[in-house]
Amino acid sequence: MTDYSEEQRNELEALESIYPDSFTVLSEKPTTFTITVTSEAGENDETVQTTLKFTYREKYPDETPLYEIVSQENLDDNDVTDIIKLLEQQQRFHGTPVTIENFLNWKAKFDAELLEIKRKKMKEEEQAGKNKLSGKQLFEMDHNLDTSDIQFLEEAGNSVEVDESLFQEMDDLELEDEEDDPDYNPVNLDSD
């Protein structure tokens with residue numbers, strides 16, 4: 001349950017700190033106050049000023065306050081009308097009050113929409129070839145791959161044939177085994 005009087009007192013304190021020189025409380029029940037707003041000096045050092053009077057309704061802030069212009073200086077009737085229109089626009093309640101239930105409903109819909117967007121993006125990337133998995137990722141995803149080589153060897157009967165002709169020209173490569181080289185000294189790399 002909302003403690004309207006507490007919320008109203010808190011707002012009055014905030015307004016008083018924002019407008020220390022132009023804020024005046026007229027009454028506590030109902031809460032009524034004025035704020036005098038003065039413009040910067042314009043042409044000919046002339047300022048525009050108005051005093052706005054607000055009265056909180058019993059269930060404010062759930063209900064909009066009553067307001068009126070109680071005094072004005074250097075304002076035309078059109079300016080006063082524009083100020084009233086602006087106040088009306090600002091006092092209108094916008095949107096739905098947030099409760100735990102409607103927030104959770106909104107969040108579930110939002111999460112579902114976000115998941116669908118991610119799925120579409122992944123599908124588009126897969127189709128574009130951007131989402132190719134590495135061998136490690138494939139191996140981690142498909143546990144059949146860790147036994148596939150063993151199955152291949154078992155199906156072949158553990159008899160793997162090696163084509164030795166692929167290795168016949170290995171002697172021509174002149175590969176030296178560093179450990180077999182009598183002059184090899186790992187401490188002194190300059191030695192031959």
Side-chain angles (χ1 to χ4, degrees), residues 1-134 136-138 140-142:
M1 185 169 162
T2 304
D3 185 358
Y4 296 109
S5 58
E6 178 66 24
E7 286 193 38
Q8 292 173 14
R9 278 192 302 275
N10 291 339
E11 188 166 308
L12 287 176
E13 287 178 20
L15 288 169
E16 188 172 20
S17 68
I18 295 170
Y19 304 102
D21 300 328
S22 61
F23 177 80
T24 307
V25 176
L26 302 176
S27 71
E28 296 278 330
K29 289 221 179 213
T31 303
T32 304
F33 59 92
T34 61
I35 298 176
T36 302
V37 182
T38 307
S39 72
E40 298 288 325
E43 295 178 19
N44 303 326
D45 289 332
E46 188 176 276
T47 61
V48 175
Q49 179 175 313
T50 184
T51 301
L52 304 167
K53 178 181 173 184
F54 294 91
T55 304
Y56 288 158
R57 296 181 189 192
E58 185 179 333
K59 293 185 179 180
Y60 177 85
D62 290 342
E63 297 176 343
T64 59
L66 302 171
Y67 51 88
E68 62 181 296
I69 295 179
V70 291
S71 69
Q72 64 190 27
E73 288 180 24
N74 301 323
L75 286 173
D76 320 2
D77 290 340
N78 289 338
D79 293 332
V80 172
T81 303
D82 289 344
I83 291 171
I84 296 295
K85 284 181 184 176
L86 180 63
L87 285 171
E88 287 172 359
Q89 289 173 354
Q90 297 303 313
Q91 298 300 326
R92 277 195 206 120
F93 182 73
H94 301 285
T96 305
V98 178
T99 63
I100 292 173
E101 293 84 21
N102 64 17
F103 173 77
L104 292 175
N105 289 335
W106 169 85
K107 184 167 179 0
K109 289 177 187 174
F110 178 78
D111 289 343
E113 290 173 8
L114 192 60
L115 182 61
E116 185 61 29
I117 290 169
K118 286 181 180 180
R119 284 182 184 157
K120 285 181 181 178
K121 185 177 179 184
M122 286 181 63
K123 193 176 228 179
E124 289 171 2
E125 288 177 353
E126 284 176 9
Q127 290 175 353
K130 293 180 182 176
N131 200 18
K132 292 185 179 178
L133 299 176
S134 69
K136 180 180 179 182
Q137 290 169 326
L138 287 170
E140 289 173 345
M141 285 179 53
D142 187 358

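Positions are given from 1 along the sequence.
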(message) Tell me the closest heavy-atom pair linking L15 and I35, and the distance in Å.
(response) CD2-CD1, 4.3 Å
(message) If we check side-chain contact (heavy atoms from CB on, under 4.5 Å) with S22, which of these qualifies: T38, T51, T36?
(response) T36
(message) As an exercise, state the distance from OG1 of T64 to CD of E88, rounded to the nearest 0.5 Å.
(response) 10.0 Å
(request) Could you pull out the closest heavy-atom pair between A14 and S17, with the gap in Å? (result) O-OG, 2.8 Å
(request) Decide side-chain contact (heavy atoms from CB on, under 4.5 Å) for I83 and L75; before the verdict, give the C-alpha distance in whole Å, the side-chain angles of both, and the deciding distance to 0.1 Å. (result) CA-CA 10 Å; I83 291 171; L75 286 173; 4.0 Å; yes
(message) Within a 6.0 Å radius of atom CD on Q49, are there more than 12 heavy atoms belonging to other residues, nucleotides or ligands?
(response) yes
(message) Please check if the number of heavy atoms outside D76 that lie under 6.0 Å from its CG is greater than 12.
(response) yes
(message) Using 0.5 Å steps for rounding, measure from the CG atom of N78 to the NZ atom of K85.
(response) 8.5 Å
(request) State, to 0.1 Å, how close P65 and Y60 come at their nearest heavy-atom pair, and which atoms those are. (result) CD-CE1, 3.6 Å
(request) Calculate, to the nearest 0.5 Å, the distance between atoms OG1 and OH belonging to T55 and Y67 respectively. (result) 12.0 Å
(request) Would you indicate whether L86, at its atom CG, is surrounded by more than 12 heavy atoms from other residues, nucleotides or ligands within a distance under 6.0 Å? (result) yes
(request) Please report the shortest heavy-atom distance between Q8 and E58, naming the atom on each side. (result) NE2-O, 3.6 Å
(request) State, with a plain yes or no, whether a side-chain heavy atom of L52 is found less than 4.5 Å away from one of I69. (result) yes
(request) Take the angle between the ring planes of F23 and F33 and call it parallel below 30°, perpendicular above 60°, tilted in between. (result) tilted
(request) Tell me, with the steps shown, if K53 and L26 meet side-chain contact (heavy atoms from CB on, under 4.5 Å). (result) CA-CA 9 Å; K53 178 181 173 184; L26 302 176; 4.2 Å; yes
(request) Step through the shown structure and confirm whether more than 12 heavy atoms of other residues, nucleotides or ligands are within 6.0 Å of CD on E63. (result) yes
(request) Please test E124 against K121 for salt bridge (Lys or Arg N to Asp or Glu O under 4.0 Å), starting from the C-alpha separation and ending with a verdict. (result) CA-CA 5 Å; E124 289 171 2; K121 185 177 179 184; over 6 Å; no
(request) Measure the CG-CZ distance between D62 and R57 for me, rounded to the nearest 0.5 Å. (result) 12.0 Å
(message) Can you tell me if Y4 has over 12 outside heavy atoms packed within less than 6.0 Å of its OH?
(response) yes
(request) Can you establish whether the number of heavy atoms outside E68 located under 6.0 Å from its atom CD is more than 12? (result) yes
(message) Return the CD to CG distance between E7 and L12, rounded to the nearest 0.5 Å.
(response) 12.0 Å
(request) Measure across T47 and N74 and return the closest heavy-atom pair with its distance rounded to 0.1 Å. (result) O-ND2, 2.6 Å
